[in-house]
Amino acid sequence: MSKTVIIGGGIAGLATAFYLQEAGLTDFTLIECAPTCGGKIKSADLDGFLVEGGPDSFITQKAAALDLCKRLGLTDELVGSNTGKNAATYIWHNGRLHPMPEGMMLMAPTMILPILRSRLISWSGKLRMGLEPFIPKTRTDEDESLGSFVRRRLGNELLNKIAGPLMGGIHAADPETLSLKSTFPMFPEMEQKHGSLVRAMMKRPKRHAAPGSKPTPMFMSLRGGLQRLSDALVARLPLGSLRTGCCVLSVTFEENRYNLHLADGASILADNLVFATPSYVTADLVQQIDPALASRLRAIRYVSTATVSLGYRRSEIAHPMQGAGFIVPKSEGRGITACSWTSTKFNNRAPGDCVLLRVFIGGALSEDLAEQSESALIELARKELRTIMGITASPVLAKAYRWPRANPQYELGHAERITEIEHALTDFPGLYLAGAAYRGSGIPDCIQSGMKAAKSIADRDHARTSYQDQHQPACIGS
């Protein structure tokens, strides 16, 4: 059996270890520089408030996260986000919160009347959207930014008020540099197949739940917070396979094996090496192995973000908070990008007489704001909620989390860069990449990338026993 080392104890690294173990490969070591595993998945019970520092849920349309929860025996702990009025999203524009027009699928309208009734979009903007079926499809296959695509098909107003803050906000990205091909490929595919997003949406088959069954919510979490997922993975690891608080200083490649030099003076020889670290961390460690590969990895830009969770007594908040929260277009000049009404979005996130809100700050368009002190972030969040929601009360809970260089940017040309990285990996048998930087940054994508890495290692191990060495690089998120 070959020896595998996984560097990075976030969800991608933990998933790699879990699926290696499922494949019967137990000779592995997972090394994490931080004292605990889980990466950006951080949950805390603070005075009865369930606070998420990073992601608070995962999308169920990609099955990897939901499947993993079931494999770990967490089915009874799964909770879906609330639906109906409690799922509504609002947009801050011209001094008030406007409901997102019903039937919007990210940026593509599925119903006409809600758009016509909306006070968010001007009549000229509605007319421009109405021309979308008559806009000819592009004749080129070149990568296009989200900003360029939406402006070309639906107009500048929809880009600035809905598509930019909503779709760009998912990746904390600048819509003018965000690669549509690498983030939302379904939209250019709709354009090519149907010639129009509106026509494509109208031709979509309606999904019907089986009689007597409830449809799966689009977003799910765990009753005790998402950290339950990473904690459950850690609990499954073989005794002695996890080394936390231990940093890898350098990696060399000698005679088809990898020699890892650790900060505590130890070294480990590995037949297989999985980097489940941010690409800039991976770049520093592969510099000695392949400077060109390191350069390509460093070209993936990261930006900083922050979240601020604020708990209030419900009696001191006049706002009805019927919905999942709101987003803030960049053109509004505010200091925050969005706010999630956490206690409305999910049940049991706050004591019965309180509410919990989570404010998002930073990203590609205002990165400097996320790099402030915790106290400054809390003050900024309170100031913005005072203006937008009229909240003047003092919070009974205030907690900020800062995430420096935590969000990879899938900028124009990202797909080609990943292809080049994968090609470079073929020169190094047993070297694999997993995580958010490559082909999907969500929790299901990261889990899928770990699963793919584990499968490739298992295939290689089987091939080695058959006196073959068929290397399959894993840079795949979904």
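A distance of 10.0 Å separates CG in Leu180 from CD in Glu189, rounded to the nearest 0.5 Å. The distance from atom CD1 of Ile121 to atom CD1 of Ile91, rounded to the nearest 0.5 Å, is 7.0 Å. Atoms OG and CG, on Ser295 and Asp290 in that order, are 10.0 Å from each other to the nearest 0.5 Å. Summarising the geometry, atom OH belonging to Tyr410 is positioned 7.0 Å from atom CD1 belonging to Ile418; distances are rounded to the nearest 0.5 Å. For the atom pair CZ of Phe18 and CG of Leu68, the computed distance is 5.5 Å after rounding to the nearest 0.5 Å. To the nearest 0.5 Å, atom NE2 of residue His414 and atom OH of residue Tyr438 are 9.0 Å apart.
Aromatic ring centroids of Trp341 and His319 lie under 6.0 Å apart. Taking the centre of each ring, Phe58 and Phe219 stay at or above the 6.0 Å mark. For His171 and Phe184, the ring centers are positioned less than 6.0 Å apart.
Ser118 places no side-chain N or O within 3.5 Å of a backbone atom of Ile115 that could act as its donor or acceptor partner. Side-chain N or O atoms of Ser449 include none that pairs as donor or acceptor with a backbone N or O of Ala434 at under 3.5 Å. At least one donor-acceptor pair closer than 3.5 Å links the side chain of Thr419 to the backbone N or O of Ala415. Of the possible donor and acceptor atoms, none in the side chain of Ser179 sits under 3.5 Å from a partner among the backbone N and O of Leu412. Formation of a donor-acceptor pair under 3.5 Å by the Arg417 side chain with backbone atoms of Ile300 is not found in this model. At distances below 3.5 Å, not a single donor-acceptor pair connects side-chain atoms of Glu384 with backbone N or O atoms of Arg334. Under the 3.5 Å distance criterion, the side-chain polar atoms of Arg199 are matched with a main-chain donor or acceptor of His194. In this structure a side-chain-to-backbone donor-acceptor pair under 3.5 Å is present from Ser366 to Gly362. Of the possible donor and acceptor atoms, one in the side chain of Gln409 sits under 3.5 Å from a partner among the backbone N and O of Asn407. A donor-acceptor pair under 3.5 Å is formed between the side chain of Arg153 and the backbone N or O of Ile135.
Crowding of Glu374 atom CD: a count of heavy atoms from other residues, nucleotides or ligands under 6.0 Å exceeding 12. Within a 6.0 Å sphere centred on CG of Asp141, heavy atoms belonging to other residues, nucleotides or ligands number 12 at most. Taking a 6.0 Å sphere around CG of Asp67, one finds it holds more than 12 heavy atoms contributed by other residues, nucleotides or ligands. Annotation: Arg119, atom CZ; neighbour count of heavy atoms from other residues, nucleotides and ligands within 6.0 Å does not exceed 12. Other residues, nucleotides and ligands place more than 12 heavy atoms under 6.0 Å from the NZ atom of Lys137. Crowding of Lys40 atom NZ: a count of heavy atoms from other residues, nucleotides or ligands under 6.0 Å not exceeding 12. A 6.0 Å sphere centred on CZ of Arg296 holds more than 12 heavy atoms belonging to other residues, nucleotides or ligands. Crowding of Met218 atom CE: a count of heavy atoms from other residues, nucleotides or ligands under 6.0 Å not exceeding 12.
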Using the side-chain contact (heavy atoms from CB on, under 4.5 Å) rule, take Cys69 and Leu78 through it: C-alpha gap first, then chi angles, then the decisive distance, then the call.
CA-CA 8 Å; Cys69 287; Leu78 287 167; 4.0 Å; yes

- Task: Under the side-chain contact (heavy atoms from CB on, under 4.5 Å) rule, what do Leu357 and Val308 come out as? Steps first, then yes or no, please.
- Result: CA-CA 8 Å; Leu357 300 86; Val308 178; over 6 Å; no

Problem set entry | Steps toward side-chain contact (heavy atoms from CB on, under 4.5 Å) verdict (Met201, Met190) | CA-CA 8 Å; Met201 297 306 297; Met190 286 179 184; 3.7 Å; yes

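A salt bridge (Lys or Arg N to Asp or Glu O under 4.0 Å) with Glu77 holds for exactly one of Lys70, Arg228, Arg223; it is Arg228. Among Leu159, Leu146, Leu365, the one residue that satisfies the side chain to side chain contact (heavy atoms under 4.5 Å, CB included) test with Glu176 is Leu159. Under the side chain to side chain contact (heavy atoms under 4.5 Å, CB included) test applied with Arg349, the options Thr344, Val51, Val355, Leu50 reduce to a single match, Leu50.
A salt bridge links Asp56 with Lys345; the closest basic N to acidic carboxylate O contact falls under 4.0 Å. With respect to the salt-bridge test (charged N to carboxylate O, under 4.0 angstrom), the residues Lys62 and Asp445 qualify. Look at Lys42 and Glu52 and you find no salt bridge, because none of the NZ, NE, NH1 or NH2 atoms lies under 4.0 Å from a carboxylate O. One finds a salt bridge joining Glu191 and Arg152 here, because a Lys/Arg side-chain nitrogen approaches an Asp/Glu carboxylate oxygen to under 4.0 Å.
In this structure, the side chains of Leu356 and Leu310 stay at 4.5 Å or more apart for every pair of heavy atoms. Using a 4.5 Å heavy-atom cutoff, the side chains of Phe187 and Lys181 are not in contact. Val234 is not listed as a side-chain neighbour of Thr36, based on a closest heavy-atom distance of 4.5 Å or more. Leu425 is listed as a side-chain neighbour of Leu293, based on a closest heavy-atom distance under 4.5 Å. When side chains are defined from C-beta on, Phe275 does not count as touching Tyr432, because their heavy atoms never get closer than 4.5 Å. Looking at heavy atoms from C-beta onward, Leu222 lies out of side-chain contact with Val79 at the 4.5 angstrom threshold. In this structure, the side chains of Thr337 and Ile361 stay at 4.5 Å or more apart for every pair of heavy atoms. The side-chain heavy atoms of Asp353 and Arg313, taken from C-beta on, include no pair separated by under 4.5 Å.
Relative ring orientation between Tyr280 and Tyr302 is described as perpendicular, the plane-to-plane angle rising above 60° on a 0-90° scale split at 30° and 60°.
In this model, a donor atom of one side chain and an acceptor atom of the other lie less than 3.5 Å apart for Gln287 and Arg298. Between Thr138 and Thr140, the side chains place no donor N or O within less than 3.5 Å of an acceptor N or O (distance only, hydrogens not considered). One side chain, Thr277 or Thr282, offers a donor N or O that lies under 3.5 Å from an acceptor on the other.
Nearest heavy atom pair, residue Gly80 against residue Met220, reads N-CE, 4.0 Å. Residues Val359 and Leu385 come closest through the heavy atom pair CG2-CD1, 4.0 Å. The two residues Ala172 and Val303 make their nearest non-hydrogen contact at O-CG2, 3.6 Å. Here the closest non-hydrogen pair linking Ile41 and Pro55 is CG1-CG, 4.1 Å. In terms of heavy-atom proximity, Cys446 sits nearest to Ser441 at SG-O, 4.0 Å. The heavy-atom pair separating Gly9 from Cys37 by the smallest distance is O-CB, 3.3 Å.
Contacts of Thr83 classified as side-chain contact (heavy atoms from CB on, under 4.5 Å), with partners at least two apart in sequence or in another chain: none.
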Got a list of side-chain donor-acceptor pairs under 3.5 Å for residues 387-405, not counting sequence neighbours?
| unit_1 | atom_1 | unit_2 | atom_2 | d |
| --- | --- | --- | --- | --- |
| Thr387 | OG1 | Lys383 | O | 3.4 |
| Arg402 | NH1 | Gln372 | O | 3.2 |
| Trp403 | NE1 | Gly53 | O | 3.0 |

